[in-house]
*Asks:* 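Encoded as structure tokens, here's the structure I'll be asking about.
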Number of protein chains: 2
Amino acid sequence: MWGINLSRQSGVPIKRQIYEAFKQRMMIGNLEEGEAMPSTRELASALLVSRSTVCEAYDMLLAEGFIIAHQGAPTRVAPGLRVDISFEQKPRRKARSEKKYAADFQTGQPDLREFPRFSFEQCLKRAAAELSLSSFGYSGACGSLPLREEIAAYLYRSRGIKADSQDIFITAGATHALHVCAALFREQSREILIEDPCHAGMLKTFMYKGFTPIPVPVDESGMQTDNLKNRRGCPVYVTPSHQFPLGGVMTAPRRAEIIRCARRNENYIIEDDYDSEFRYQGEPIAPLYAMDPQRVIYVGTFSKVLYPALRIGYVILPRLLQKRWIQLRTCTDVQNPVFEQAALTDFLQTRRLDRHIQKMRKIYGNRRQILLESLGDAFGDTWRPWGDAAGLHIAVQFDGLRFDESVETICREQGVRISSVARYCIEKGCHEDKLLLGYGHLNHTEIVNGVRLLCIAMCGYLPQI
Amino acid sequence: MWGINLSRQSGVPIKRQIYEAFKQRMMIGNLEEGEAMPSTRELASALLVSRSTVCEAYDMLLAEGFIIAHQGAPTRVAPGLRVDISFEQKPRRKARSEKKYAADFQTGQPDLREFPRFSFEQCLKRAAAELSLSSFGYSGACGSLPLREEIAAYLYRSRGIKADSQDIFITAGATHALHVCAALFREQSREILIEDPCHAGMLKTFMYKGFTPIPVPVDESGMQTDNLKNRRGCPVYVTPSHQFPLGGVMTAPRRAEIIRCARRNENYIIEDDYDSEFRYQGEPIAPLYAMDPQRVIYVGTFSKVLYPALRIGYVILPRLLQKRWIQLRTCTDVQNPVFEQAALTDFLQTRRLDRHIQKMRKIYGNRRQILLESLGDAFGDTWRPWGDAAGLHIAVQFDGLRFDESVETICREQGVRISSVARYCIEKGCHEDKLLLGYGHLNHTEIVNGVRLLCIAMCGYLPQI
């Protein structure tokens, strides 16, 4: 009856099959407006199902308004149901499988093999068992207060940063922090003063928010503040402790200049202190934030010191911006999830993070040394490293050579992943003699072999080496 | 010497105290450009500290460019360091402590007391122990594939929704999903067609993204699609299964009309299927999504069925939008954290979520019944409920009465939290005879007592009751 073919093997309940069959017929117009539905008794006996099954299917059609019941008269098809349901599917793009590289100098990769999995697992388990019931509810856009207090204590003991826990706001990592910052300033400014070169992802985060970047050139001492243009209300994005990608430390006179300039123009400075935990000579660099906490938004993250999929970062916010931040965060993603926050609080409180960072600083420092030695062996004195002895990557300058993005392709074809600094430049034509090598995630052997492969790949690119 | 007072009790390392003292003097100009620093030997003996401590402090100043070393000549203060560091602190706003209500009819609150804590804890612990190392790294903006597969299976068995796991994208909840949707359409449109009344938070999410709402009136059968204006490329936000806040189910003819209208104008429809798991009569309502998967973005969340601080939701996306979604999500907050995703996968796979929802559907259904009976006892026949028997709240109409937001204040002062529907209206002057009562989080006694208190509070507001 009605051409309905029921399948008892399909796993789909019979009532749903009846409902779907009628619904489809109504939408394509096989059953027309006002047409009477068969009685439930009639349909049940025709389909060899119980009457209650048919009634349930009719109830579904009734609840969704496909049919209209009339006291003492047959149930009829509702008007206006016709919709063409024969749409084409766009064929799915084939998922690219992640290529494995024989030598993978990707930047921004911590070594997960060294992640203190067992001790973090303990923190997570404790969090799962001990969290109060109320923390499963909405707990607010600021983040967990115990975590904010532990971050304040950690920043003081590790970096000498004096911050009130109430000025610290938890984020879902550094990108997320910049995303909300961008929203914070969107009404005052459509432009952002930004280092050139800079991190491609961070630049995109601002551009997707409708900002036009105003590039400020960078040299070995970070952003060239002499070139900082006067733009009222325009935010400034900087990486003063370890410029990305060139690695320079912004000098004190430039720091003073950027603060003076920001005050003059009522700009806020967004200080991204990425990788600052990993400095291999001397003490950590003091942040710009310490020079004017009401002018600088300090952005930190645990993605690199712990692991990327943790998705916890933080900002230290000038008080004037806090109310608006909370509104914007609430309308962006409400708050962070609760377990990772509780586990991290424990991990900080027991100083396990401090010990892990200390351990990793030694490991990464050694790897940097091995990379420098391997480059020396492979390329003689044709190159020199840029920037400070810090972070998880290094910018290497090859005198007299020029790299554009094609060097990446050529190397990739030979199983070597590197980036040209040129790819990170907003104004093209600068820093074309530099490559970027990430080494944090590579062990001794991987670095030594990687440089050997890089040397072979580059010989193909540049026969003069 | 130099007026430096060291404190051995402060817990701050001596080298840092020396560094801080000099840095401050340079910034306020007590030490001027070009001035010679004392020799390390001289300073060490004056301060009664070891010379290596002084050397370390000088190294910090040197690294940050506060001082400049000259071969064979004294170290000198760098130029351009002067910055006024005597800034005023804006006094902190006093944190409002969350008020406790004797009767709290807040909407959108699941009952956390019924949360299956122990079994979710087991899932979390298993996730902590079993996750592969690679999942701690960046794993992409789409979300965990096993979770997407479990969601596809769950949607099919619970709602009859046929969706390919590859079209499902994990989000950090429903608000976050709408936030990224808003970014998706910002270039095509500055306007959004939206139900009036609608959820205040969701409206703000679009407005903060720069959208102007075009209100479409709502009645007991959801959005009045006759009033849907033709706006090319303009997204439409709807809650067809259980309109927020009025509770209506959109009828089939209106569903067909909204799809036809969207096709005609090349609009995308954002279908927020909040609370759809909790329907107390009959089968769940089929989503709009099923009528045209390439025109409708389906938004779901686990905040209400599990707990709000989980921060996991999802969208089912038309294929044409997927590439752009991934780009935008990557620049918003990169991805979800990994543990909650793994725990939820387990919770879904073992069907514990299905059992939990089944249990809660019974509990919430009873509570709704109790609320209706209590309202009957308290208010006689002066009121009637709106909408479908579903969700965690109810809209109640009091014939001949008018409520504005002042009713909320008056009730709040008497310990009763309710909302007026008027607060959710974009165009004022409609639905002024309705109140909103959330009941999901209240047990039997709390509901009965709550209604009693509400009745007393409303007598103060409206002596005619």
Side-chain angles (χ1 to χ4, degrees), chain A residues 16 59-60 63-66 78-83 87 90 92 112 115 121 124-125 128-129 133 135-139 160 166 172-173 175-176 179 204-205 208 249 251-253 256-257 259-260 282-283 285-286 291-292 294 307-311 319-320 328 331-334 337-340, chain B residues 16 59-60 63-66 78-83 87 90 92 112 115 121 124-125 128-129 133 135-139 160 166 172-173 175-176 179 204-205 208 249 251-253 256-257 259-260 282-283 285-286 291-292 294 307-311 319-320 328 331-334 337-340:
Chain A
R16 182 165 290 281
D59 282 347
M60 288 161 77
E64 295 179 19
F66 282 96
L81 297 177
R82 196 136 169 201
V83 170
F87 27 79
K90 193 186 167 236
R92 187 181 298 286
L112 293 176
F115 171 62
E121 191 183 314
L124 267 168
K125 285 182 177 172
L133 204 54
S135 55
F136 291 102
Y138 292 107
S139 52
Q166 299 217 53
T175 301
H176 176 258
H179 179 81
K204 262 193 209 157
T205 292
Y208 282 167
V249 178
T251 55
E257 174 56 27
I259 295 277
R260 286 189 301 255
E283 290 290 307
I285 302 292
M291 290 173 83
D292 191 346
Q294 297 314 313
Y307 63 94
L310 179 65
R311 307 317 307 142
R319 299 226 171 122
L320 275 176
L328 289 168
C331 287
T332 300
D333 61 341
V334 187
V338 73
F339 280 101
E340 278 93 349
Chain B
R16 183 165 289 281
D59 282 346
M60 288 160 76
E64 296 179 19
F66 283 96
L81 297 176
R82 199 137 168 198
V83 170
F87 27 78
K90 191 185 170 239
R92 186 182 297 288
L112 294 176
F115 171 62
E121 191 183 314
L124 268 167
K125 285 182 177 171
L133 204 54
S135 55
F136 292 103
Y138 292 107
S139 52
Q166 299 217 54
T175 302
H176 177 258
H179 180 81
K204 262 192 209 160
T205 293
Y208 282 166
V249 179
T251 55
E257 174 56 27
I259 296 277
R260 286 190 300 256
E283 290 290 306
I285 302 291
M291 291 173 82
D292 192 345
Q294 298 312 315
Y307 62 94
L310 179 66
R311 307 318 306 142
R319 300 225 172 123
L320 275 175
L328 288 168
C331 287
T332 299
D333 61 342
V334 187
V338 73
F339 280 100
E340 278 94 349

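Naming convention: chains lettered A, B, ... in sequence-line order (proteins, then strands); numbering from 1 in each chain.
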*Asks:* Counting heavy-atom pairs under 4.5 Å with chain A, which one of Ala256(B), Pro337(B), Ala172(B), Gly65(B) comes out on top?
*Replies:* Pro337(B)
*Asks:* Pick from Gly173(B), Gly282(B), Ala63(B): which one has the most heavy-atom pairs with chain A under 4.5 Å?
*Replies:* Ala63(B)
*Asks:* Could you tell me which non-hydrogen atom of Gly137(B) sits nearest to which non-hydrogen atom of Leu112(A), and how far apart they are?
*Replies:*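 Minimum heavy-atom contact is N-CD1, 3.3 Å.
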*Asks:* Go through the atoms of Ile285(A) and report whether side chain, backbone, both or neither lie under 4.5 Å from a heavy atom of chain B.
*Replies:* both
*Asks:* Give a yes or no on this: more than 12 heavy atoms of other residues, nucleotides or ligands lie within 6.0 Å of atom CZ of Arg82(B).
*Replies:* no
*Asks:* Please tell me if the side chains of Asp333(A) and Arg311(B) come closer than 4.5 Å, counting only heavy atoms from C-beta onward.
*Replies:* no
*Asks:* In this structure, is the centre-to-centre distance between the rings of His176(A) and His176(B) below 6.0 Å?
*Replies:*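 For His176(B) and His176(A), the ring centres are not under 6.0 Å apart.
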*Asks:* Is a donor on one side and an acceptor on the other found under 3.5 Å between the side chain of Glu257(B) and the backbone of Gly80(A)?
*Replies:* no
*Asks:* Write down the atom of Ala78(A), the atom of Pro253(B), and the distance for their closest heavy-atom approach.
*Replies:* CB-CG, 3.9 Å
*Asks:* From Arg16(A) CZ over to Glu283(B) CD, what is the distance, rounded to the nearest 0.5 angstrom?
*Replies:*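 Answer for the CZ-CD pair, Arg16(A) versus Glu283(B), is 6.0 Å.
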*Asks:* Would you call Glu340(B) and Glu340(A) a side-chain contact if the rule is heavy atoms closer than 4.5 Å?
*Replies:* yes
*Asks:* Less than 4.5 Å to any heavy atom of chain A: does that hold for the side chain of Ile259(B), its backbone, both, or neither?
*Replies:* side chain
*Asks:* Side chain, backbone, both or neither: which part of Ser139(A) has a heavy atom under 4.5 Å from chain B?
*Replies:* neither
*Asks:* Flag the pair Met291(B) / Val83(A) as yes when at least one side-chain heavy-atom distance between them is below 4.5 Å, and no otherwise.
*Replies:* yes
*Asks:* Do you know the tightest heavy-atom contact between Lys204(B) and Cys331(A)?
*Replies:* CB-SG, 3.5 Å
*Asks:* Work out which heavy atom in Ser135(A) is nearest to a heavy atom in Ala309(B); give both atom names and the distance.
*Replies:*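 Heavy-atom minimum between the residues: O-CB, 3.4 Å.
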*Asks:* Please look at Val249(A) and chain B and tell me whether the side chain, the backbone, both or neither of the residue comes under 4.5 angstrom of a heavy atom of that chain.
*Replies:* side chain
*Asks:* Can you give me the closest heavy-atom contact between Leu124(B) and Ala128(A), atom names plus distance?
*Replies:* CD1-CB, 4.1 Å
*Asks:* Does the plane of the ring in Phe136(A) sit parallel, tilted or perpendicular to the ring in Phe115(B)? Use 30° and 60° as the thresholds.
*Replies:* tilted
